[in-house]
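Worksheet: one structure, shown below.
Throughout, protein chains are lettered first and strands after them, A, B, ... in sequence-line order, and every chain is numbered starting at 1.
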Amino acid sequence: MREITYAEAIREALRQEMARDDSVFLIGEDVGTYGGAFGVSYGLIDEFGEERVRDTPISEAGIMGAATGAALIGMRPVAEIMFMDFTTIAMDQLVNQAAKLRFMFGGKAKVPLVLRTPAGSGTGAAAHHSQSFEAWFIHVPGLKVVMPSTPYDVKGLLLASIRDDNPVVFVEHKLLYKTRGPVPEEEYTIPLGVADVKRPGKDVTIVATSIMVPRALEAAEALAEEGIDAEVVDPRTLKPFDGETVVTSVMKTGKVLIVHEACKTGGVGAEIASRIMESEAFDYLEAPITRLAGLDIPVPYNRTLERHRVPQVENIVAAVKDLLV
Amino acid sequence: MREITYAEAIREALRQEMARDDSVFLIGEDVGTYGGAFGVSYGLIDEFGEERVRDTPISEAGIMGAATGAALIGMRPVAEIMFMDFTTIAMDQLVNQAAKLRFMFGGKAKVPLVLRTPAGSGTGAAAHHSQSFEAWFIHVPGLKVVMPSTPYDVKGLLLASIRDDNPVVFVEHKLLYKTRGPVPEEEYTIPLGVADVKRPGKDVTIVATSIMVPRALEAAEALAEEGIDAEVVDPRTLKPFDGETVVTSVMKTGKVLIVHEACKTGGVGAEIASRIMESEAFDYLEAPITRLAGLDIPVPYNRTLERHRVPQVENIVAAVKDLLV
Amino acid sequence: MELQRDLCVDMLSQMYKIRFFEQTVDDLFARGLVHGTMHLSIGQEASAVGSISALRVEDYILSTHRGHGHCIAKGADIKLMMAEFMGKETGYCRGRGGSMHIADIEGRNLGANGVVGGGIPLAVGVGLSLKMQGRDEIVMGFFGDGAANQGSFHEALNMAAIWSLPVVYVCENNQYGMSMSTRRAFKIEKMAQRAASYGMPGVTVDGNDVVEVYEAASEAVERARAGEGPTLLECITYRWKGHSKSDQELYRTKDEIESWKNKEPIRRFLELLITQRVISEDEARKIEEEARRTIGEALEYARASPEPEVDTILEGVYA
Amino acid sequence: MELQRDLCVDMLSQMYKIRFFEQTVDDLFARGLVHGTMHLSIGQEASAVGSISALRVEDYILSTHRGHGHCIAKGADIKLMMAEFMGKETGYCRGRGGSMHIADIEGRNLGANGVVGGGIPLAVGVGLSLKMQGRDEIVMGFFGDGAANQGSFHEALNMAAIWSLPVVYVCENNQYGMSMSTRRAFKIEKMAQRAASYGMPGVTVDGNDVVEVYEAASEAVERARAGEGPTLLECITYRWKGHSKSDQELYRTKDEIESWKNKEPIRRFLELLITQRVISEDEARKIEEEARRTIGEALEYARASPEPEVDTILEGVYA
Ligand SMILES: Cc1ncc(C[n+]2csc(CCOP(=O)(O)OP(=O)(O)O)c2C)c(N)n1
Ligand SMILES: Cc1ncc(C[n+]2csc(CCOP(=O)(O)OP(=O)(O)O)c2C)c(N)n1
Ligand SMILES: [Mg+2]
Ligand SMILES: [Mg+2]
């Protein structure tokens, strides 16, 4: 199968869905001619025009409100917040409006929109351009949260997210944009709420999200050389969360390491760990559930510090070994 | 000892600290003549004047920014956001500015401020005036998060928070404002990061926050009648978190129920559960760690639904019994 | 303006309904029959009715925490509204929303809003959608003077302006955001001056004169419908009651309140209609009684309506 | 204005330093010697230098993502600045901040900011604090044209105005917020018109004329210091380089860029100084060389500086 990048897969999903459905449009800062800060929507303005690929002023709350209002009366906006750090400015519109309108109105309205936003560090952009806030959004009823790790997944999940009738926070990762993988040319959807076992194994389960999935796979290869057979599970969507796949894996391996980039305290690892503990897998646990996550510090600028802020392949390898002793 | 209400204890702390330290001032919507939506700062404007008890326009981001800027050059603002739901509007100033400036500047600045805000449901105010977002803030390095449950604690913790050199999110609960309890007249501080065993017991540990503390205590009394001796631990501050007190309790009882009002998914219960699991208490667990928390829905208006949205005394009793079978 | 009889009867009737609705719910609250809080617009009826009367039924509105008037003026079924107010299953929002979140989606009222300024950006989206879909409808977005100091106001008005969206923004300036007077919260005389920042027309009218409001709103609506973009319409008015149920009203004087009672919008309109012989006193009395009856029936309906079932509590979060 | 020699020499020197600093870091980046991104203000030196020259050393500034110029104009030690740029332990922020977060707290530069519009409300707080403490200093808050559409701009300017704070807001209008031209992002001609919304004076100047900027800023500073409240000063300028390191510059023409190069601020000022005989060509050359040397030394210092130790990574989060 043809290989394309994660960024190209997103662009292809956007293009196909915009061609298929007139109600889909893009809105965000510099999404038009500039193509977005990471070039993801590059070229779409030429195909679909500036009405459907709409550049906005720097007004994140306005963008989120515009998307929400448009969704309320029949459009399917795909909004972009240029860095996940700036969802902080759009929180009221996202959390109080988009997420809650349906419930508050007794189920009589719907808000089908996608908020695409790149998270994560590793680009030397420091504390205001490197954050990962997915944990905030799983705490908000009414939102769905998707966090794809491969070109294949990002296309299928984005198409599913746009077609979903609810507000979806779609978390991309800057370092994944240039990663390549096989992606079918035709449209396909991956249902929200279905995890994927990226590598089967029997000795230990590694639950990893986003950029941590390729790192976990690399770690698993290194571990394999030492005779440790790790299973890597990618939840893909954090809300709804496919507890079953994770629990099944843990019941098989008896040990689990959860890996994410966001700060450890209050991160999604805590929720995933709790779900495992509350499941039938509890009795199968041979070791405490372990979390490996970002340090509880803002992302530093210095390249070496930045790298140490976030789990790397070697940290995953070491954490798995700690778990097995 | 004299008994006063939780609201009066807050007011007393504010008054004493403003009298002691000229750099302390209040800023927020209607904190002056109105006394705040819940009357907490009522009367202080008469004592300290409108410069130090400053009414603002309805501009939550502006309030948070004003407090942060003032703190940067030597004041100790106590900002109020009228409902915790509206911290959504101030998130950039709180999370990207107040919390991070010190780290980003290499430790060369400090931001001593308190953000007071009432959380919680039970007043019939529906989905936009009832939320509890403490889980978001423990996920933000640079912030401290305090959540007092009694008049005694609220006074001592508020004084400690104002004197702390970091931004502190101080989460009050609307239903606690009128609760009464003994409070010394003199100034005293309770260090941030020290939990309190509100009721010793040997059969099961209940870790409860905010309004759930009195409910857990009531549940413990009911359980006592059935011969179950519950220990109730109130973390009081969620960040820094006193893991030791919780872990010691769990090692004694072998069973733990965590209770909070905020939505279960992604709530602080997940973090607390994970900390217990990662501690030496893991080997002492006789049952899975259990979370009892708010349903994953926005807060409904209808009184009965609103009540069912949130753990009540009877739910705590039932959950403890479930845990013990 | 020449006073069209049908329109005037309609406006008078709506103003009465709003007044009686609010008096009724105020009483319910006083008697402990409802919980929560509410924000009454007694004294402000002309701004809701005058502006919304300039719309077509298929146009949209976005309302505020002080939204009963908008809801009634937009043609809501007051039975369902009252049921919502009382938290009943038959209410517009199945009892989930309450006073601060009543929405009548079919009637194209996209809801009250508990967040001050929260609805202003939503109106941008609705306007954008209408424009992109090539539709003929417009949207009217309400907010208060207090909300005009929210960042959302600024971002939204700019977006509506640069994209020439079919939006009419109506600021109901009742002189206070809770206890904060406009005198203290603004350094300018007229909030509508701010329209100039966005390159849109700004108009200030006597918000207690329903005819003046209607005329200004009609112009703005026409402009929006013609594709000429948004307008900011400021209605100067006053709320008679406290801000909400917790208000001791220490920030204003009795005299001030009394002086505004002299500008009472319903009586003013009524006198005009009678002097100009648009309707007779007798007709007026009938309109008033009819309005009173409607509210009475709504109250009965709401009272007799069932509460939501607890086992439906998880419904409606996701589509 | 009569051109005071000392001031002029100082301003010229600062403009050169900014220019050379940015050319140097641009080169470092091109050669892969630094990571991350950066925002260069080449072509905009006059607005930073002209406005900050109107301040006293003990006054404060709050800067932006495009903040090298402000930092230098405020009197930073360029060695520490360059070290920060290169992520070294000796840098102003111990290498934690980088280009987008350089702060020189002692020099009363309260920092660049990665959030567009993020610093605008901070200036309110600084102004408030200065006023409450009865101090004589003022604060100057910078932001771009793009930031003027953030809600934070609106809330902050209103608060600064109603409380008459000692703040000067300087909008560096370089015609674009990333790829979004002011023509598309605003429906008004001059951003400074927005000052009227807050009841504060708004002034627009040629931001490439350092003398004009200095004069307008001086007036605003005087007003702020006299307790007469804030001013919004708009400096019309242009950035020569791409927005940041990812910019293909498809949204503007080469012609447009060239036309602005004709308005080059340093040469313009230099010619004025020489024609008016404030300094000689020879003196000018010395100032330029001195500036170049300063940057060269800073680069050497930064290069020779150590990286932060990994085991200090947790430091500085809490006080
Ligand atoms: C974002 C936000 N901040 C504060 C509040 C609390 N609050 C509710 S109404 C109100 C005053 C609003 O004033 P205005 O916009 O003038 O409307 P009015 O109440 O006068 O109709 C306030 C402060 C809120 N609901 N939302
Ligand atoms: C809140 C926020 N939104 C978006 C960005 C990405 N971004 C960085 S600079 C910039 C353009 C800013 O424009 P302007 O304020 O005019 O300043 P200039 O870059 O032109 O100096 C954008 C969109 C950001 N850093 N912060
Ligand atoms: Mg008002
Ligand atoms: Mg610009």
Chain B shares the most heavy-atom pairs under 4.5 Å, among Glu84(D), Arg96(D), His154(D), with Arg96(D)

Under 3.5 Å, side chain of Glu155(D) to main-chain N/O of Ala61(B), donor-acceptor pair present?
-> yes

Cut-off 4.5 Å, heavy atoms of chain B, and the answer for Leu130(D) is both

(request) Could you tell me whether the side chains of His39(D) and Glu22(D) share a donor-acceptor contact shorter than 3.5 Å? (result) no

Highest number of heavy-atom pairs under 4.5 Å with chain B among Gly118(D), Ala160(D), Ala103(D) belongs to Gly118(D)

Can any side-chain N or O of Arg102(B) pair as donor or acceptor with the backbone N or O of Ala109(B) at less than 3.5 Å? yes

If you tally heavy-atom pairs under 4.5 Å between each of Lys100(B), Glu51(B), Glu60(B), Gln93(B) and chain D, the highest tally belongs to Gln93(B)

With chain D, the option among Asp92(B), Asp164(B), Asp165(B), Thr68(B) that has the most non-hydrogen atom pairs under 4.5 Å is Asp92(B)

So, the part of Asn113(D) with a heavy atom under 4.5 Å from chain B: the answer is side chain

- Could you tell me whether a side-chain N or O of Tyr188(B) sits under 3.5 Å from a main-chain N or O of Lys155(B), the two making a donor and an acceptor? no

Is the positively charged end of Lys239(B) above the ring of Phe137(B), judged by distance under 6.0 angstrom from the centroid and angle within 45° of the axis? no

Check whether Asp153(B) reaches the backbone of Pro148(B) with its side chain - one donor and one acceptor, N or O, closer than 3.5 Å.
no

When the 4.5 angstrom heavy-atom criterion is applied to Arg52(B) and chain D, the contacting part is both

Applying a strict 4.5 Å limit to non-hydrogen atoms, the region of Tyr318(D) in contact with chain B is both

Value for CZ (Arg76(B)) from CG (Leu113(B)), rounded to nearest 0.5 Å, stands at 10.0 Å

Applying a strict 4.5 Å limit to non-hydrogen atoms, the region of Leu110(D) in contact with chain B is both

- Message: Quick check against the 3.5 Å criterion: does Gln131(B) have a side-chain atom that pairs as donor or acceptor with the backbone of Ala127(B)?
- Response: yes

In terms of heavy-atom pairs under 4.5 Å with chain D, the winner among Ile89(B), Ile27(B), Ile58(B), Leu143(B) is Leu143(B)

Under 4.5 Å to a heavy atom of chain D? For Lys108(B) that would be both

Given Thr56(B), Ile73(B), Val111(B), the one with more heavy-atom pairs under 4.5 angstrom with chain D than any other is Ile73(B)

